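As structure tokens, the structure follows; a few thoughts come after it.
The structure displayed is predicted, hence computed values, not measured ones. Labels below follow one simple rule: chain letters A, B, ... track the order of the sequence lines, proteins then strands, and each chain is numbered from 1.
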Amino acid sequence: METFQVVLAKKLSDALAQARLPIAGELTPATDPRFGDYQTNVALILGKQRGEKPQVLAEQIVAQFNAGDVCEPPVVAGAGFINFVLRPGAVAEKTMEVLRDERLGVAKAKSTQRIVIDFGSPNVAKPMHVGHIRSTVLGDALARIAQFLGHEVIRDNHIGDWGTQFGMVIYGWKNLLDRQALQRNPLAEIVRIYKETNERATSDPQFREACRQELVKLQAGDKENIDIWNECVALSMQDFEHVYKLLDVHYDLQCGESFYHDCLPSVVERVLKSGIAEISEGAVVVFFRDNPELADKPLIIRKRDGGFNYATTDVATIDYRVNDLKADAIWYVVGAPQTLHFKQIFEIARREGYKADLRHIIFGSILGEDRKLMKTRSGDNVPLRDLLEEACKRARKIIEEKNPQLSEDEKADIAKKIGIGAVKYADLSQYRLTDYIFSWEKMLALHGNTAPYLQNAYVRIRSIFRNAGEAAVATPLWGVEGGTGHRPVATLLVLKEPAEINLAKRLCQFAEIVPQVLNDFRLNILSNYLFELANSFHTFYEACPVLKSDEPVRSSRLSLCDLTGRVLQRGLDLLGIKVPERM
RNA sequence: GUGCCUGUAGCUCAACCGGAUAGAGCUUCUGACUUCGGAUCAGAAGGUUGGGGGUUCGAAUCCCUCCAGGCACGCCA
């Protein structure tokens with residue numbers, strides 16, 4: 001199935017060929033409804049290239065344009081733009097196609113890749129905190145979209161389970177551990193001993209040395225230390241799993257840093273041998289002398305004391321992902337502070353001859369109401385688990401106010417969908433590079449560009465079908481108990497009211513929007529689309545009675561509702577957000 | 001010091017690879033309910049896109065410069 005954009009672009013290139021003009025510029029959705037549905041700047045670009053008047057060229061192109069039944073004859077406007085207005089008949093036909101399509105018109109990517117997505121990456125012996133939200137939520141949504149577009153996605157959790165911090169954790173475990181506290185709240189106790197040890201280590205060199213010795217023993221394979229380490233990892237993983245369950249995030253692989261431990265010596269040997277790295281002041285260092293940007297930014301991959309650091313691990317990780325996992329691309333969803341680090345690592349991979357498409361997908365920070373990095377009152381990181389549970393609690397409170405008659409189970413289920421959805425959507429609806437201010441009130445608001453608003457649009461649609469009360473009640477595509485997959489498809493769509501035509505056009509755009517998200521990993525494009533779709537639906541809902549209408553308008557409108565619900569459900573699902581049936 | 005990111009309405013944010021008169025939401029104000037969930041809709045008000053130059057048919061977007069905030073820059077991860 002082709003989108004209108006593709007259909008029109010083809011017709012445009014035909015017209016250009018007829019007019020003996022080269023292809024240039026682009027055909028895009030109109031920037032403003034005044035200019036129709038699509039526009040092209042091709043005449044402006046050609047005019048510049050050839051030193052001719054854009055308006056004259058535009059007229060020539062328009063004269064050759066075969067609109068068929070798709071759109072009205074295009075018109076030249078402004079400095080030389082060509083504007084296209086879709087015909088309602090074509091919109092109705094296309095919407096019918098989308099309605100019959102399980103994929104809602106979204107085509108699979110032409111060339112599909114195997115993509116490893118590295119996201120989340122919490123650290124053992126530290127609870128997940130707000131700082132992990134963006135990586136986890138962005139990474140999961142990107143994985144869902146890439147998969148939907150036909151790519152083979154491997155979600156990998158690169159857990160921080162093998163660093164210097166373990167010297168301290170093990171020392172603390174041996175000397176400071178409170179067994180009862182460990183039973184009550186394992187992770188909290190591990191965090192406590194780590195923090196206390198860390199504080200003492202920073203001020204006391206002897207103490208620091210003792211911790212280092214524990215680390216050396218661990219890395220040498222000392223049985224006692226390995227056992228302690230294993231237990232810490234297992235206890236931390238329990239905390240992570242709890243959060244992942246709440247978030248509905250899963251991984252295909254959880255290859256933490258320790259997974260690569262054994263390959264590190266050979267990695268260093270290899271890059272030394274190939275001349276990529278050299279020895280400098282006792283350390284093994286990679287210089288990037290021929291790269292102006294990195295010329296004065298060397299990277300250490302083995303410390304003077306023979307120890308490895310995370311740069312070594314990251315090089316080993318690329319080896320594994322490219323050679324063993326056969327990745328065509330690796331996406332790192334990791335915060336902006338590590339930009340330089342990844343530039344260096346990617347440059348090493350390039351020198352080693354790896355062809356994989358390596359991307360560092362960066363994002364901004366989450367700020368508190370005071371515009372500073374979000375912290376608790378005592379200055380600690382906010383544990384993610386607490387935050388998510390509070391989201392559900394707050395959602396629950398709203399449900400109690402609006403819909404107290406729902407059953408306990410239903411309330412709990414809905415509160416989770418709304419609370420978690422709100423947190424995720426607050427993140428995904430924003431341009432990923434900007435910092436954003438975390439606000440419960442804004443993300444849980446029932447008005448505006450929020451998850452609850454979108455979920456409510458879906459709920460209203462479901463309500464219409466409950467009221468329709470007939471055999472041919474639409475059922476969502478997936479995830480709803482009792483859904484048979486049977487759906488009513490009107491034999492024809494009657495698009496007469498502006499609100500109907502508008503909504504149908506909007507529904508056809510879903511197929512254009514979804515692939516676009518991956519161009520620059522902008523999830524907010526999809527969020528904005530869904531918000532606009534919900535707006536268009538509400539306008540339609542006000543202007544066009546559904547159940548009270550006579551046939552064939554009634555079936556037609558029911559189908560529009562059905563499709564809107566499915567697009568909302570699918571779109572939110574691609575963002576990792578669930579929809580309730582009532583709320 | 002060098003580099004990267006950010007700066008858009010009172011507030012929170014959009015604007016696809018340079019497009020036409022910079023758009024939403026919140027807030028404020030004005031309208032619309034015998035409701036298919038008003039948890040809504042229609043409308044109004046709100047701008048020197050941090051400042052200043054430049055490039056061109058055309059700049060929030062590209063270049064230069066300055067200002068403000070954040071981050072990173074050889075043995076942490």
Side-chain angles (χ1 to χ4, degrees), chain A residues 25-26 28-32 34-35 39 41 44-45 47-48 53-54 77-81 83 121 123 160 162-165 257 280-285 287 293-294 296-305 307 309-311 313-314 335-341 343 362 364-365 367 371-373 398 401-403 426 429-431 433-437 439 441-442 445-450 452-453 455-457 459-468 499 512-513 516-517 519-520 522 524-525 527-528 531-532 535 538-549 557-558 561 582-583:
Chain A
E26 53 193 359
T28 58
T31 52
D32 189 296
R34 291 191 302 270
F35 306 137
Q39 66 181 50
N41 59 356
L44 293 162
I45 307 281
K48 187 183 230 168
K53 279 204 145 178
F81 290 95
N83 295 333
S121 311
N123 290 309
W162 195 260
T164 353
Q165 80 268 26
E257 291 170 350
S280 167
E281 296 174 36
V284 178
V285 183
F287 289 95
E293 204 182 343
L294 299 175
D296 59 342
K297 309 257 187 297
L299 180 68
I300 291 173
I301 58 166
R302 194 178 70 197
K303 298 186 279 185
R304 200 189 330 222
D305 66 3
N309 53 23
Y310 80 130
T313 307
D314 280 347
Q338 297 202 41
T339 303
L340 174 61
H341 171 71
K343 276 185 183 160
I362 65 178
S365 314
L367 309 179
R371 300 184 148 275
K372 292 182 182 153
L373 279 181
I398 299 170
E401 280 169 26
K402 301 287 186 183
N403 244 335
S429 58
Q430 225 115 151
Y431 178 52
L433 286 179
T434 50
D435 296 345
Y436 76 90
I437 295 173
S439 159
E441 275 165 36
K442 278 181 181 137
L446 300 159
H447 301 264
N449 191 5
T450 65
Y453 174 81
Q455 288 165 324
N456 179 55
V459 164
R460 292 180 99 176
I461 291 167
R462 301 300 300 148
S463 176
I464 290 175
F465 283 102
R466 279 194 295 274
N467 288 333
E512 295 172 3
I513 295 291
Q516 210 187 328
V517 171
N519 284 347
D520 193 32
R522 290 195 189 199
N524 65 315
I525 293 178
S527 311
N528 289 344
F531 177 59
E532 284 166 5
N535 280 336
H538 277 132
T539 304
F540 159 83
Y541 183 91
E542 290 289 322
C544 306
V546 177
L547 298 177
K548 290 175 193 155
S549 301
R557 289 181 178 170
L558 263 175
C561 290
R582 295 168 221 267
M583 62 192 274

* Could you pull out all residues at least two apart from A:N403 that satisfy side-chain hydrogen bond (donor to acceptor under 3.5 Å, both in side chains)? => A:Q405

Out of [options], which has the shortest distance to the side chain of [X]?
X: A:A79; options: B:A39, B:A20, B:C57; value: B:C57
X: A:T31; options: B:C13, B:G37, B:A20; value: B:A20
X: A:N524; options: B:A15, B:A20, B:C13; value: B:A15

Looking at every strand, decide which applies to [X] at a 4.0 Å heavy-atom threshold: base, sugar-phosphate, or nothing.
X: A:N519; result: nothing
X: A:A445; result: nothing
X: A:T539; result: sugar-phosphate
X: A:L373; result: nothing
X: A:N528; result: sugar-phosphate
X: A:N83; result: base
X: A:Y453; result: sugar-phosphate

* Under a 90° cut-off about 0 for the syn range, is B:C4 syn or anti? ->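 Anti conformation for B:C4.
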
Rounded to the nearest angstrom, tell me the gap between atom [atom1] in [X] and atom [atom2] in [N].
X: A:K343; N: B:U2; atom1: NZ; atom2: C1'; answer: 12 Å
X: A:E532; N: B:A15; atom1: CD; atom2: C1'; answer: 10 Å
X: A:I362; N: B:C5; atom1: CD1; atom2: P; answer: 7 Å
X: A:H538; N: B:C36; atom1: NE2; atom2: C1'; answer: 12 Å
X: A:D520; N: B:C16; atom1: CG; atom2: P; answer: 10 Å
X: A:L367; N: B:G7; atom1: CG; atom2: P; answer: 13 Å
X: A:D435; N: B:C71; atom1: CG; atom2: P; answer: 10 Å
X: A:F465; N: B:C36; atom1: CZ; atom2: C1'; answer: 11 Å

* Report yes if at least one side-chain N or O of A:T434 is closer than 4.0 Å to OP1 or OP2 of B:A14; otherwise report no. => yes

* **A:R522 side-chain N/O to B:A15 phosphate OP1/OP2 under 4.0 Å** =>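 Looking at the OP1 and OP2 atoms of B:A15, one of them is under 4.0 Å from a side-chain N or O of A:R522.
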
Please enumerate all residues that pass side chain to side chain contact (heavy atoms under 4.5 Å, CB included) together with [X], with sequence neighbours excluded.
X: A:S121; answer: A:D118, A:N157, A:H158
X: A:N83; answer: A:F35, A:Q39, A:V75, A:A77, A:F81
X: A:E542; answer: none
X: A:Q430; answer: A:R134, A:T434, A:Y436

I'd like the [atom1] distance from [M] over to [N], given in whole Å.
N: B:A44; M: B:A24; atom1: P; result: 10 Å
N: B:U49; M: B:U8; atom1: P; result: 12 Å
N: B:C66; M: B:A20; atom1: P; result: 31 Å
N: B:C29; M: B:G52; atom1: P; result: 35 Å
N: B:C11; M: B:U34; atom1: C1'; result: 39 Å
N: B:C41; M: B:C26; atom1: P; result: 9 Å
N: B:G50; M: B:A60; atom1: C1'; result: 12 Å
N: B:C63; M: B:G7; atom1: P; result: 14 Å

Does any non-hydrogen side-chain atom of [Y] lie less than 4.5 Å from one of [X]?
X: A:D435; Y: A:L373; value: no
X: A:P452; Y: A:N456; value: no
X: A:L558; Y: A:I464; value: yes
X: A:K343; Y: A:K297; value: no
X: A:V546; Y: A:F540; value: yes

* Go through the structure and list residues passing salt bridge (Lys or Arg N to Asp or Glu O under 4.0 Å) with A:D32, not counting sequence neighbours. =>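 So A:D32 forms a salt bridge (Lys or Arg N to Asp or Glu O under 4.0 Å) with A:R34.
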
* **Set of residues satisfying salt bridge (Lys or Arg N to Asp or Glu O under 4.0 Å) with respect to A:R304, sequence neighbours excluded** => none

* What string of B, S and - do you get for nucleotides 27-33 of chain B, 5' to 3', when a contact is any protein heavy atom under 4.0 Å? -> -------

* With the sugar-phosphate defined as primed atoms, P, OP1 and OP2, and the base as all remaining atoms, what B/S/- string results for nucleotides 72-77 of chain B, 5' to 3', for protein heavy atoms under 4.0 Å? -> SSBBSB

* Under a cut-off of 3.5 Å for both distances of each Watson-Crick or G-U pair, what dot-bracket string does RNA chain B give, using [ ] for crossing pairs and | for inter-strand pairs? -> (((((((..((((.....[...)))).(((((.......))))).....(((((..]....))))))))))))....

* Asked: Between the base of B:C13 and the side chain of A:Q430, is there any donor-acceptor pair under 3.5 Å?
  -> no

Quick one: which protein N/O atoms are closer than 3.5 Å to N/O atoms of nucleotides 58-65 of chain B? Pair and distance per line, please.
| residue | atom | partner | partner atom | Å |
| --- | --- | --- | --- | --- |
| B:G58 | O6 | A:K48 | NZ | 3.1 |

For nucleotides 22-25 of chain B, tabulate all protein N/O to nucleotide N/O atom pairs closer than 3.5 Å, reporting atom names and distance.
none

* Comparing A:Y431 and A:I45 on RNA chain B - which has the more 5′ nearest nucleotide -> A:Y431

* Determine, answering yes or no, if A:F81 is stacked on B:A20 under the 5.5 Å centre rule and the 30° plane rule. =>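 So A:F81 counts as stacking on the base.
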
* Asked: Is the aromatic ring of A:F35 within stacking range of B:A20, meaning centres under 5.5 angstrom and planes under 30 degrees?
  -> yes

* To do: Supply the atom-to-atom distance A:C561 SG to A:Y541 OH, rounded to the nearest 0.5 angstrom.
  =>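 OH of A:Y541 is found 8.5 Å from SG of A:C561.
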
